[in-house]
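Notes follow the structure.
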Amino acid sequence: MKAINIKTIIAGLLCCTALYSCQGDWDEPSLATPPYGNPSISDDGIISIQELKDRYPNVFAQTDQNKQITEDIKIRGRVTGNDLGSNIYKQFMIQDETGAIIIAVNQSGMHGFLAEGQEIVIDLKGLYIGGYRKQPEIGQPYNGTSIGRMNKDLFQKHFKYVGQPDASVIQPIDFDPNMSMEANCAKLVTLKDVSFVPVGGLGTFAPDTTADKTVSLVGGCVNRSLNEYSSSKVVVRTSTYAKFAAKKLPFDEVNKRPLKCNITGIATRYNNTWQILIRKESDIDILE
């Protein structure tokens, strides 16, 4: 048996003691400063979302325009839609008592720090406002005159939290295809007592074209029509990456008829067509 080296043991004990002493000097983690956003943003100069849109009417009147906001103004609203269900991509929606708007950010997983019902203030000075197919958005220029996503680091400097998320505060309005697009685009809505037009193939919300040859993709998404509305005026738009993309459209296989349901989602505008973006699977409420 080898002899125990007393010096080695003593050195080891001294090392452990030193490490323990250092650990005792570590600061406790603090949540006083949020890990996201810019808490130094003031509440001065806050205007309503509708007032913001009223100040820049020309960028929405034409297709794909943008303009930099040079005024020292801000908007305040609650998050109504995010990328939790993977059907909303690199953007989220906020809404106040007057209207709603899309915030485009080149970042994924934003639902992790922008939950539904979270109220935020956005400092608009230096950002751009524009209309993508006449849908108002806040972001940065894309391809010259169009509006696109802002850099994620830039966004972090331009928003701050207000309180804690409260999803119960955001209530959808009843959807009416004839309601004003200018006043209601990007709002959270519920389409009541509607049914999907029967389709061939797999009959899912958004199958991949390699698995279903009956589907046509537009920008990686599938537009589904509803029996109650003209397909040229209202479509339900689902990304092939949505977590519910492979879910069957509500359909009674026994009686061979579409099932009635309530659909909640964001009513976005694409020129003169309503594109309804379902946020997550629980937004689909089958009534039968």
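- Heavy-atom contacts from other residues, nucleotides or ligands closer than 6.0 Å to NZ of Lys67 number 12 or fewer.
- Rounded to the nearest 0.5 angstrom, Phe60 CZ and Gln135 CD are separated by 9.0 Å.
- Within a 6.0 Å sphere centred on CD of Glu288, heavy atoms belonging to other residues, nucleotides or ligands number more than 12.
- Residue pairs satisfying the salt bridge (charged side-chain N to carboxylate O under 4.0 Å, His left out) criterion with at least one member in residues 167-181, sequence neighbours excluded, are listed as follows: Asp174-Lys192.
- Taking the six-membered ring where the residue is Trp, the centroids of Tyr229 and Trp274 are separated by 6.0 Å or more.
- Contacts classified as salt bridge (charged side-chain N to carboxylate O under 4.0 Å, His left out) and involving residues 104-121 (residues at least two apart or in different chains) are given here: Arg76-Glu119, Arg78-Glu119, Glu116-Arg279, Glu116-Lys280.
- Lys157 is linked by a salt bridge (Lys or Arg N to Asp or Glu O under 4.0 Å) to nothing, counting only residues two or more places apart in sequence or in another chain.
- When atom types are taken as modelled, the side chain of Asp212 and the backbone of Pro207 share no donor-acceptor pair closer than 3.5 angstrom.
- Every pair tested for ring pair (Phe, Tyr, Trp, His ring centres under 6.0 Å) that includes a residue from residues 122-142 fails, sequence neighbours excluded, so the list is empty.
- Residues meeting the salt bridge (Lys or Arg N to Asp or Glu O under 4.0 Å) test with Lys256, sequence neighbours left out: Glu253.
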task: May I have the step-by-step check of side chain to side chain contact (heavy atoms under 4.5 Å, CB included) for Asn66 and Val59, ending in yes or no?
output: CA-CA 6 Å; Asn66 69 58; Val59 299; 5.9 Å; no
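- In this structure, Lys247 contributes its side chain and Ala206 its backbone to no donor-acceptor pair below 3.5 Å.
- The salt bridge (charged side-chain N to carboxylate O under 4.0 Å, His left out) analysis of residues 134-156, with sequence neighbours excluded, yields no pairs.
- Counting only residues at least two apart or in different chains, salt bridge (charged side-chain N to carboxylate O under 4.0 Å, His left out) contacts with residues 82-99 are absent.
- Scored by the ring pair (Phe, Tyr, Trp, His ring centres under 6.0 Å) test, Phe92 finds Phe155 as partners (sequence neighbours excluded).
- Within the 6.0 Å centre-distance limit, the rings of Phe244 and Phe205 are counted as a close aromatic pair.
- Within a 6.0 Å radius of OH in Tyr161, more than 12 heavy atoms belonging to other residues, nucleotides or ligands are found.
- Looking at every heavy atom in both residues, Thr98 comes nearest to Ile49 through OG1-N, 3.5 Å.
- In this view, Asp285 satisfies the salt bridge (Lys or Arg N to Asp or Glu O under 4.0 Å) rule with no residue, not counting sequence neighbours.
- Between atom CD of residue Gln95 and atom CD of residue Gln171 there is a gap of 10.5 Å, rounded to the nearest 0.5 Å.
- A donor-acceptor distance shorter than 3.5 angstrom exists from the side chain of Lys74 to the backbone of Asp44, with no hydrogens or angles considered.
- In this structure, a donor-acceptor pair under 3.5 Å is present between the side chains of Lys233 and Asn178.
- Put simply, the side chain of Asp283 never gets that close to the backbone of Gly265: no donor and acceptor are under 3.5 Å apart.
- Summarising the hydrophobic clusters (Ile, Leu, Val, Met, Phe, Trp, Tyr; side-chain heavy atoms under 4.5 Å, direct or chained), the residues clustered with Leu188 are Ile88, Met93, Ile102, Ile266, Leu277.
- Residues meeting the side chain to side chain contact (heavy atoms under 4.5 Å, CB included) test with Glu51, sequence neighbours left out: Ile47, Ser48, Arg55.
- The distance from atom CD of Glu182 to atom CD of Gln50, rounded to the nearest 0.5 Å, is 9.5 Å.
- Every residue was checked against the side-chain hydrogen bond (donor to acceptor under 3.5 Å, both in side chains) condition with Ser108, not counting sequence neighbours, and none meets it.
- For Thr190 and Asn262, the side-chain atoms include no donor-acceptor pair closer than 3.5 Å.
- Classification of Glu281 and Lys243 as a salt-bridged pair fails, no side-chain N sitting under 4.0 Å from a carboxylate O.
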